[in-house]
Amino acid sequence: MTSYVLVHGGAHGGWCWERLTPYLEADARVDRVVALDLPGHGQRVDERDLNEITLEDYIEDIAGTVRRLDLRDVVLVGHSLAGASMPQAAARVADRVKRAVFLSALIPGEGKSSLETIEANRTLELPRGGDMSEQYRSMFCNDEDDETARWHLSKLGPQPPAIMTAKVSRAGFPQDLPSTYIVLLKDQALAPSFQRELLKNLPDPEVVELDAGHSAMVSKPKELADILLRYA
């Protein structure tokens with residue numbers, strides 16, 4: 001049976017998958033669904049000094065969760081900034097992962113950082129401090145109703161800064177590991193054209209489109225679950 005490990009993006013936590021997970025868990029082919037809180041996020045926001053958290057911590061937390069729970073036949077799903085950590089995490093538990101799914105994922109080129117990748121493309125204006133609620137609403141909640149957007153924005157937390165500037169390597173990512181990149185067509189955080197450039201940093205991924213904004217797991221949970229269940 002298939003297990004799903006869901007990895008959130010920047011400023012989010014495992015909570016962002018709450019509307020999606022029931023659809024996965026209801027399928028008889030699914031053994032377990034795990035929505036991680038990476039170090040410094042969600043219920044782990046006060047676990048460590050945010051300035052001490054590194055990309056290596058993210059990578060090992062993902063891989064370590066798969067090992068610790070003894071998960072097999074894993075579909076590893078990474079959203080947005082998870083694209084920087086998921087390839088190396090998948091490489092460390094390649095014998096347990098049957099597919100890697102990248103959801104509007106920021107996948108830097110070899111040796112590049114997430115910050116460099118964004119700044120080179122210039123499709124996203126990064127938050128610069130102060131009250132960022134309107135910018136976050138545009139980036140993350142553009143296809144959500146008002147009630148959902150308020151809930152979503154109220155849950156956002158800080159982002160460990162070193163993740164954005166860490167140099168990323170995809171060395172060891174198995175070339176034969178099936179991968180999928182889901183392009184979100186209404187995304188205002190990572191424009192669809194930018195996503196299509198980012199997916200070129202994967203070895204020949206399947207490309208699937210979904211008519212949703214950046215946070216499809218919140219705004220279109222059933223539609224996204226239907227895609228993910230193709231791999232159960």
Side-chain angles (χ1 to χ4, degrees), residues 5-12 36 38-41 50-64 76-94 97 99-129 132 135-136 138-140 158-185 187-209 213-216:
V5 175
L6 310 175
V7 187
H8 63 79
H12 285 66
L36 298 183
L38 292 171
H41 296 271
L50 294 183
N51 294 308
E52 296 178 353
I53 296 172
T54 67
L55 185 62
E56 171 61 24
D57 292 325
Y58 275 24
I59 294 166
E60 188 50 38
D61 199 74
I62 299 166
L76 190 58
V77 183
H79 177 237
S80 195
L81 188 58
S85 55
M86 206 170 80
Q88 283 197 53
R92 295 183 188 185
V93 287
V97 176
R99 180 171 292 269
V101 180
F102 297 83
L103 176 63
S104 186
L106 182 64
I107 307 171
E110 185 70 20
K112 301 293 185 181
S113 71
S114 297
L115 183 60
E116 287 175 312
T117 303
I118 290 173
E119 290 183 337
N121 189 276
R122 301 192 182 282
T123 62
L124 171 63
E125 182 182 350
L126 288 172
R128 299 298 181 184
M132 302 308 302
Q135 186 173 356
Y136 280 141
S138 174
M139 289 166 56
F140 300 142
Q159 172 59 42
I163 307 304
M164 292 298 297
T165 56
K167 303 295 185 182
V168 171
S169 173
R170 283 169 286 105
F173 183 73
Q175 297 295 301
D176 59 350
L177 175 63
S179 63
T180 299
Y181 193 105
I182 302 176
V183 176
L184 299 178
L185 299 178
D187 200 324
Q188 293 184 11
L190 302 179
S193 58
F194 187 21
Q195 295 173 58
R196 294 186 187 281
E197 290 300 313
L198 294 167
L199 66 84
K200 295 176 182 177
N201 291 321
L202 295 171
D204 194 28
E206 173 195 33
V207 179
V208 177
E209 295 181 347
H214 190 63
S215 303

Any residue meeting side-chain contact (heavy atoms from CB on, under 4.5 Å) with [X], in chain and number order, not counting sequence neighbours:
X	answer
Pro178	Arg99
Leu198	Leu106, Thr117, Tyr181, Leu190, Phe194
Thr54	Glu56, Asp57
Glu197	Lys200

Specify the closest pair of heavy atoms between [X] and [Y], including all atoms of both residues, with the distance to one decimal.
X	Y	result
Val93	Ala63	CG1-O, 3.7 Å
Ser104	Asp187	OG-OD2, 2.6 Å
Gly172	Ala91	O-CB, 3.2 Å
Ala171	Ser169	N-OG, 3.1 Å
Gly83	Ala105	CA-CB, 4.0 Å
Pro174	Ala94	CG-CB, 3.6 Å

Out of curiosity, Arg92 CZ to Phe173 CZ, how far, rounded to the nearest 0.5 Å?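 Separation between the atoms: 14.0 Å.
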
Nearest 0.5 Å, please: how far is CD1 in Ile53 from CD in Gln159?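 Gln159 CD to Ile53 CD1: 9.0 Å, rounded to 0.5 Å.
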
Any side-chain heavy atom of [X] within less than 4.5 Å of one from [Y]?
X	Y	answer
Asn51	Pro160	no
Met164	Leu81	yes
Val183	Val207	yes
Ile62	Ser85	yes
Leu202	Ile107	yes
Phe102	Ile182	no

Could you pull out all residues at least two apart from [X] that satisfy side-chain hydrogen bond (donor to acceptor under 3.5 Å, both in side chains)?
X	value
Asp61	Arg44
Ser80	His214
His79	none
Gln88	none

Under the ring pair (Phe, Tyr, Trp, His ring centres under 6.0 Å) test, which residues partner His41, sequence neighbours left out?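 His41 satisfies ring pair (Phe, Tyr, Trp, His ring centres under 6.0 Å) with His8, Tyr58 once adjacent residues are dropped.
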
For the pair Val7 and Leu76, evaluate side-chain contact (heavy atoms from CB on, under 4.5 Å) and give the outcome as yes or no after the intermediate values. CA-CA 8 Å; Val7 187; Leu76 190 58; 4.2 Å; yes

Show me the pairs that pass salt bridge (Lys or Arg N to Asp or Glu O under 4.0 Å) and involve residues 101-112, at least two apart or across chains.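 The answer is none; no pair qualifies.
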
Can you tell me which residue pairs pass the salt bridge (Lys or Arg N to Asp or Glu O under 4.0 Å) test with a partner in residues 165-185, sequence neighbours excluded?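 Qualifying pairs, neighbours excluded: Glu116-Lys167.
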
One pair to check against side-chain contact (heavy atoms from CB on, under 4.5 Å): Ser113 and Val168. What are the steps and the verdict? CA-CA 6 Å; Ser113 71; Val168 171; 5.8 Å; no

Derivation of the side-chain contact (heavy atoms from CB on, under 4.5 Å) call for Val97 and Val5: CA-CA 10 Å; Val97 176; Val5 175; over 6 Å; no

Using a 3.5 Å distance criterion without hydrogens, assess whether the side chain of Gln195 forms a donor-acceptor pair with backbone atoms of Leu184.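 Present.
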
